[in-house]
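This report refers to the structure that appears directly beneath it.
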Amino acid sequence: MPETISQLIEGRFGLPAKADASHEANAALRTLLSHRVCRDYRPDAVPDAVLDVALAAAFSSPSKSDLQQASVVIVRDAAKRAVLHGLVPSMPWVAGAPLLMVFCGDNRRARRIAQLRGKAHPNDTLDMFMN
């Protein structure tokens with residue numbers, strides 16, 4: 001059954017959509033707005049070498065001013081993941097995954113890395129504040 005853009009948005013987010021209810025979604029929008037992810041993980045521990053590669057790839061992707069302003073907290077402890085799951089009970093995979101990566105905004109990260117390496121921090125500009 002054809003669906004309008006607003007029906008798909010409402011179905012995805014559970015909120016009334018401001019999109020024109022008369023416009024039928026094309027195939028690309030129907031695919032994007034109908035997409036759901038079911039997370040199910042093996043209980044196997046994630047090797048540090050695999051985690052290192054995944055994080056290196058993540059921090060190699062483009063970011064605002066290429067400042068990579070995030071830090072990652074790795075939560076391997078099942079009890080801690082269970083506590084976090086209690087905060088977001090609609091996400092059962094938080095407790096069941098072998099580890100949880102929590103990405104935190106951190107505009108001090110680059111400054112701290114420069115300091116640890118004894119280097120100047122050339123990006124200490126208004127851009128850092130705005131980010």
Side-chain angles (χ1 to χ4, degrees):
M1 168 173 111
E3 291 181 274
T4 66
I5 294 170
S6 61
Q7 287 172 323
L8 288 166
I9 291 172
E10 287 176 26
R12 175 71 174 96
F13 297 102
L15 299 170
K18 294 179 181 175
D20 184 347
S22 66
H23 283 90
E24 187 175 316
N26 63 28
L29 280 175
R30 198 167 27 259
T31 298
L32 288 169
L33 294 172
S34 299
H35 181 73
R36 304 294 187 275
V37 175
C38 296
R39 292 175 174 90
D40 189 24
Y41 300 97
R42 296 184 336 197
D44 307 353
V46 178
D48 286 341
V50 171
L51 189 58
D52 288 347
V53 171
L55 290 172
F59 280 102
S60 295
S61 63
S63 69
K64 169 73 172 89
S65 301
D66 200 30
L67 295 174
Q68 307 300 343
Q69 295 179 310
S71 289
V72 184
V73 178
I74 307 297
V75 184
R76 293 182 190 269
D77 183 82
K80 290 178 182 174
R81 287 194 320 273
V83 169
L84 292 171
H85 174 248
L87 299 173
V88 284
S90 63
M91 299 178 182
W93 53 268
V94 169
L99 68 81
L100 177 66
M101 293 188 289
V102 181
F103 287 76
C104 305
D106 183 358
N107 74 352
R108 292 180 46 221
R109 179 178 177 272
R111 189 178 296 111
R112 287 193 321 260
I113 291 171
Q115 184 180 27
L116 287 170
R117 294 183 179 173
K119 305 282 185 183
H121 186 258
N123 288 333
D124 204 5
T125 62
L126 186 60
D127 202 26
M128 289 287 287
F129 171 74
M130 297 303 287
N131 288 335

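For this chain, numbers begin at 1 and follow the sequence in order. All values below come from the heavy atoms of this structure, side chains included, with hydrogens, waters and symmetry mates left out.
Looking at Arg117, its side chain never comes within 3.5 Å of a backbone N or O of Gln115 through a donor-acceptor pair.
Residues Val83 and Val88 fall into different hydrophobic clusters, defined by Ile, Leu, Val, Met, Phe, Trp and Tyr side chains chained together at heavy-atom separations under 4.5 Å. Both Val94 and Val102 are part of a single hydrophobic cluster, where members link through side-chain heavy atoms under 4.5 Å apart. There is a path of hydrophobic side-chain contacts, each under 4.5 Å, that joins Val72 to Val50. A single hydrophobic cluster is seen to contain both Trp93 and Leu87, as judged by linkage of ILVMFWY side chains at heavy-atom distances under 4.5 Å, directly or through other members. Note: the hydrophobic cluster containing Val53 does not contain Val46 (ILVMFWY, side chain heavy atoms under 4.5 Å, direct or indirect links).
Test Leu29, Leu33, Leu8, Ile9 against Glu3 for side-chain contact (heavy atoms from CB on, under 4.5 Å) and you get one pass: Leu8. Leu100 pairs in a side-chain contact (heavy atoms from CB on, under 4.5 Å) with only one of the listed residues (His85, Met91, Arg81), which is Arg81.
Between the CZ atom in Arg30 and the CG atom in Leu32 there is a gap of 11.0 Å [rounded to 0.5 Å]. Atom CE in Met101 sits 6.0 Å away from atom CD1 in Ile74 (nearest 0.5 Å).
Among all heavy-atom pairs drawn from Pro47 and Ala45, the shortest one is CD-O, 3.4 Å. Here the closest heavy-atom approach between residue Ala95 and residue Ala82 is recorded as CB-CA, 4.4 Å.
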Output, in order, the C-alpha distance, side-chain angles, deciding distance and verdict of side chain to side chain contact (heavy atoms under 4.5 Å, CB included) for Leu51 and Arg76. CA-CA 12 Å; Leu51 189 58; Arg76 293 182 190 269; 3.4 Å; yes
